[in-house]
Amino acid sequence: MNANFYEQVYAVVRRIPPGKVTSYGRIARMLGRNRAARAVGYALNGLKDRHDDPAYDDIPWQRVVNSKGHISIVNREFSANLQADLLLSEGIPVTDELRILNFNQYLWEGLPLGELEAIIEGREVG
DNA sequence: ACAGTGACAACAT
DNA sequence: TATGTTGCCACTG
């Protein structure tokens, strides 16, 4: 259940401020797993099974897109549009093709090394 | 223990 | 530039 990597991913995503976005690959690199981008997506996918749990309600999953700034939820029309709406409500411009305009302008800088270290070592506050 | 899978990303045409 | 192909990693049954 408590896959450590998932929890690390959630901890990072929780820190993404409103109006900012990042990518699956960048999160993977923050956690020291340079090529675990797919696993990050897999972790976020797991949220749909826990949306009842309040502990996972505060995770701004909508702020994670792919490396090109595209919303990556394909074959899931409803969720993809929901993600676009959520981003728009934060002031992030999303085209009707589900692409973020001026993606690099909204990119999140990431966490300070110390905070990342805490998350990786399981000392995150939560 | 092992093979299949997916909200990715980097390359190769 | 635009597609198609090939690694990747963590999780699951």
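Small disclaimer: the values here were computed from a predicted structure and weren't measured. Note that these values count all heavy atoms, side chains included, but never hydrogens, waters or copies made by symmetry. Proteins come first, then strands; the chains are lettered A, B, ... in the order of their sequence lines, and each starts at number 1.
- Projected onto DNA chain B by closest heavy-atom contact, A/Y42 and A/V65 fall at different nucleotides, the more 5' of which corresponds to A/Y42.
- Among C/dC11, B/dA9, B/dG6, the nucleotide with an atom closest to any side-chain atom of A/S23 is B/dA9.
- Atom-to-atom, CG of A/N4 to P of C/dC9 comes out at 17 Å; the value is rounded to the nearest Å.
- Two residues are said to be in side-chain contact when any heavy atoms from C-beta on lie closer than 4.5 Å; A/R99 and A/L101 meet this criterion.
- The one candidate from A/I16, A/V12, A/V9 that meets the side-chain contact (heavy atoms from CB on, under 4.5 Å) condition with A/V64 is A/I16.
- With contacts defined as side-chain heavy-atom distances shorter than 4.5 Å, the pair A/Q8/A/N4 qualifies.
- Contact check of residues 28-37 of chain A against DNA chain C (heavy atom, cut-off under 4.0 Å) returns A/R33, A/R35, A/A36.
- Between A/W61 atom CH2 and B/dA7 atom C1' the separation is 9 Å, expressed in whole Å.
- Using a 4.5 Å heavy-atom cutoff, the side chains of A/I100 and A/I71 are not in contact.
- A/E90 and A/K20 are not joined by a salt bridge, as no carboxylate oxygen comes within less than 4.0 angstrom of a charged side-chain nitrogen.
- One interatomic measurement links the two molecules: OH of A/Y6 to P of B/dG6, which rounds to 12 Å at whole-angstrom precision.
- The distance between atom NZ of A/K48 and atom P of C/dT12, rounded to the nearest whole Å, is 11 Å.
- Here C/dT12 presents its C1' atom at 12 Å from CG of A/D49, a figure rounded to the nearest Å.
- Rounded to whole Å, the distance from CZ on A/F5 to P on C/dC8 is 16 Å.
- Of the candidate nucleotides C/dA10, B/dA7, C/dG7, C/dA10 has the atom nearest to the side chain of A/A39.
- Rounded to an integer number of Å, the gap from NE2 of A/H70 to P of C/dA2 is 10 Å.
- Put simply, A/S67 has no side-chain N or O that comes within less than 4.0 Å of OP1 or OP2 on B/dC8.
- In this structure, A/L44 places its CG atom 14 Å from C1' of C/dC11, rounding to the nearest Å.
- A/F103 has its side chain out of reach of A/H70: every pair of non-hydrogen atoms, C-beta onward, lies at least 4.5 Å apart.
- With a 4.5 Å cut-off on side-chain heavy atoms, A/R63 and A/V13 do not count as touching.
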